[in-house]
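In what follows, a single structure is set out as structure tokens and then discussed.
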Amino acid sequence: MSTTTLEKPAVSAPKKQKVMLCEGNEAAALAVALARPDMVAVYPITPQSSLVEHVAKLIADGKMDADIVDAEGEHSVLSVLQGGALAGARTYTATCGPGLAFMFEPYFRTSGMRLPIVMSIVTRDGITPQCVWGGHQDAMTVREVGWVQIYCETVQEVLDTTVMAFRIAEDHDVMLPVNICLDGNYLSYGTARVELPDQSDVDAFMGAKDVNWHVALDPLKPMAVDPLTGGAGGKGPATFVRYRKSQCRGMQNALSVIEAVHAEWAERFGRSYAPLVEEYRLDDAEFAIMTLGSMTGAAKDAVDEAREAGKKVGLIKIKTFSPFPVEALMRALSKVRALGVVDRSVGFRWNCGPMYQEVLGVLYRLAGQSGTVLPAMSFIGGLAGADITIGHFHRVIDATAALLDGPAPTEPVWLNEND
């Protein structure tokens, strides 16, 4: 039997990238323009508003060729995009906080219909008490609705990851909607130096548009979409199970696709990010702290200072939160003897941070292999726009170090409670 080896097309050197200063919301808008969506739908809400304003201006100035729908609310925003995606359009929107809550019904339906819509969540804490400032509560609240969720640490990472999100969503082995999560206030309004890729290089990275190939509507071939499925007997429940299993399979497939897309981005543009889990100063660490999103920068500074003081601490940053990167986390956690997890949101059911709650499952699986239960504790900070400073992370490091010689507390440590 003969075999044919397909040679991988050579990647040409990228054109010189434009260097500019911009906030995270503008970086996300520029990335969306580079991805060439056919349709965007928008409704402003703090701290997302300037993102959709930038998108609208890019379209008005002729720098982005897309239909824009200024809907009357977030429920309509996502419903409009579902129609666009079903018709084969590449689609995008952004939201946060109460806006995300208002679109919950179509949000759930989007993943069930396997529509590769990309949406930025400019993360915001929940109400009540009334609050318009940053936090991860909105995105964490919908973590079981079947969207891929990827969190960013810097403005440059927002730009690069937003472009990559379209490739991930539209991959035939995934075909799921993707949230790019950027921290409200800190990344949305934070201004930083970014490198803007050339459009022709992004076009080569994106390849030919191939959106929603599995259900694209065709007037000449009428079809029903999202039929009533389930019930007490017959074929309905079995059909429903197949849908759910297919969603789960697509979500797990996303892990390898995210890695592959990040690797190709690094090859083409020279900027690399750990696609699932970043390990920072972990190789000889005795214990580690875990972060998510923009807080990671301050945490790395604190780790560096602690290292200079002789403390063998490392850091684990989760970039892809959904699907949860279990295997990558097990590899990282196998290198340390204690863990402190810092959440920017609250898990009301367990009286801890939701990321900590997810990590407990990984620790259980790890214990099954090693026979040792890794002590871990939960920290909750940065709620309602509060800053998690280097000083806060030194408290986290010291408390986590204490786990090496003593029992883990059952109550979370609330940062920012008294400062």
Side-chain angles (χ1 to χ4, degrees), residues 12 14-74 76-96 99 115-120 122 155-167 169-170 178 180 182 187-212 216 265 268-269 271:
S12 58
K15 295 181 176 61
K16 187 175 182 180
Q17 301 187 44
K18 179 181 178 181
V19 177
M20 58 187 298
L21 285 174
C22 70
E23 62 172 25
N25 276 350
E26 184 177 5
L30 292 169
V32 174
L34 287 169
R36 297 187 187 274
D38 302 294
M39 174 187 286
V40 298
V42 297
Y43 192 84
I45 180 170
T46 302
Q48 165 262 38
S49 297
S50 64
L51 197 168
V52 297
E53 290 167 359
H54 283 299
V55 169
K57 189 173 189 309
L58 287 167
I59 294 174
D61 292 345
K63 298 178 180 176
M64 181 175 170
D65 183 17
D67 292 328
I68 184 168
V69 178
D70 185 7
E72 75 274 21
E74 288 85 350
S76 296
V77 162
L78 201 49
S79 299
V80 165
L81 292 186
Q82 288 177 350
L86 284 167
R90 177 173 289 164
T91 54
Y92 170 82
T93 189
T95 192
C96 66
L115 300 178
I117 295 172
V118 172
M119 178 169 76
S120 300
V122 188
V155 173
Q156 183 71 64
E157 192 171 8
V158 169
L159 193 154
D160 294 347
T161 310
T162 301
V163 177
M164 287 189 273
F166 289 91
R167 278 277 305 271
E170 296 168 11
V178 175
I180 300 303
L182 56 150
L187 288 181
S188 63
Y189 304 145
T191 300
R193 174 191 182 278
V194 299
E195 296 179 0
L196 185 68
D198 186 83
Q199 181 67 65
S200 61
D201 291 327
V202 174
D203 289 343
F205 170 78
M206 295 295 291
K209 192 175 294 183
D210 184 18
V211 182
N212 205 17
W265 183 270
R268 286 185 178 274
F269 299 101
R271 289 188 296 277

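All residue numbers refer to positions in the sequence shown, counting from 1. Keep in mind the model is a prediction, meaning the values are calculated, not measured.
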Can you name the closest pair of heavy atoms from Tyr43 and Ala71 and give their distance? CD1-O, 3.2 Å

Closest non-hydrogen contact found for Pro47 with Asn25 is O-ND2, 3.0 Å

Rounded to the nearest 0.5 Å, what's the gap from CG on Leu196 to CG on Leu34? Could you check? 5.0 Å

Take Arg90 and Asp38, measure what salt bridge (charged side-chain N to carboxylate O under 4.0 Å, His left out) needs, and give me the verdict at the end. CA-CA 5 Å; Arg90 177 173 289 164; Asp38 302 294; 6.0 Å; no

Using the rule side-chain contact (heavy atoms from CB on, under 4.5 Å), only one of Thr95, Val80, Val52, Val77 pairs with Val42; which is it? Val52

Just wondering, do Ile117 and Leu78 contact through their side chains at under 4.5 Å, heavy atoms? yes

Please round to the nearest 0.5 Å and tell me the distance separating atom CE of Met206 and atom CD of Gln199. 9.5 Å

Any chance you could measure Arg193, atom CZ, to Cys22, atom SG, to the nearest 0.5 Å? 11.5 Å

Where is the tightest heavy-atom contact between Leu159 and Ala27, given as atom of each residue plus distance? CG-O, 3.7 Å

A side-chain contact here means heavy atoms from C-beta on lying under 4.5 Å apart; do Ser50 and Ser188 qualify? no

Could you report the tightest heavy-atom contact between Pro116 and Ala169, atom names first, then the distance? CB-O, 3.3 Å

Ignoring hydrogens and angles, tell me if any N or O in the side chain of Asp201 forms a donor-acceptor pair with the backbone of Lys16 under 3.5 Å. no

Please report, to 0.1 Å, the donor-acceptor pairs under 3.5 Å made by any side chain of residues 58-65, with sequence neighbours excluded.
from	atom 1	to	atom 2	distance (Å)
Asp61	OD2	Lys57	NZ	2.6

Looking at side-chain heavy atoms only, is the closest gap between Val69 and Val40 below 4.5 Å? no

Would you please test Val158 and Leu187 for side-chain contact (heavy atoms from CB on, under 4.5 Å) and show each step? CA-CA 8 Å; Val158 169; Leu187 288 181; 4.1 Å; yes

Inter- and intrachain pairs under salt bridge (charged side-chain N to carboxylate O under 4.0 Å, His left out), touching residues 22-37, at least two apart: Arg36-Asp203

Check: Pro14 and Phe205 side chains under 4.5 Å, non-hydrogen atoms: no

Go through it in stages, so that I can follow the logic: the residues are Thr161 and Glu157, the test is side chain to side chain donor-acceptor pair (under 3.5 Å), and I'd like the CA-CA distance, side-chain angles, deciding distance and then a yes or no. CA-CA 6 Å; Thr161 310; Glu157 192 171 8; 4.6 Å; no

Mind checking the SG-CD spacing from Cys96 to Glu74? Nearest 0.5 Å is all I need. 8.0 Å

Check whether Thr93 reaches the backbone of Ala41 with its side chain - one donor and one acceptor, N or O, closer than 3.5 Å. yes

Please round to the nearest 0.5 Å and tell me the distance separating atom CZ of Phe269 and atom CD of Glu195. 11.5 Å

Would you give the length of the straight line joining atom OH of Tyr92 to atom OG of Ser120, rounded to the nearest 0.5 angstrom? 2.5 Å

Tell me whether Ser49 contacts the main-chain N or O of Ile45 through its side chain, where contact means a donor paired with an acceptor under 3.5 Å. yes

Tell me the closest heavy-atom pair linking Val55 and Ala29, and the distance in Å. CG2-CB, 3.7 Å

Would you sort out whether Asp198 and Gln17 count as a side-chain contact (heavy atoms from CB on, under 4.5 Å), showing the intermediate values? CA-CA 6 Å; Asp198 186 83; Gln17 301 187 44; over 6 Å; no

Heavy-atom distance under 4.5 Å between the side chains of Met119 and Leu81, does that happen here? no

Taking the side chain as every heavy atom from C-beta outward, state whether Thr91 and Pro37 have any pair of such atoms under 4.5 Å apart. no

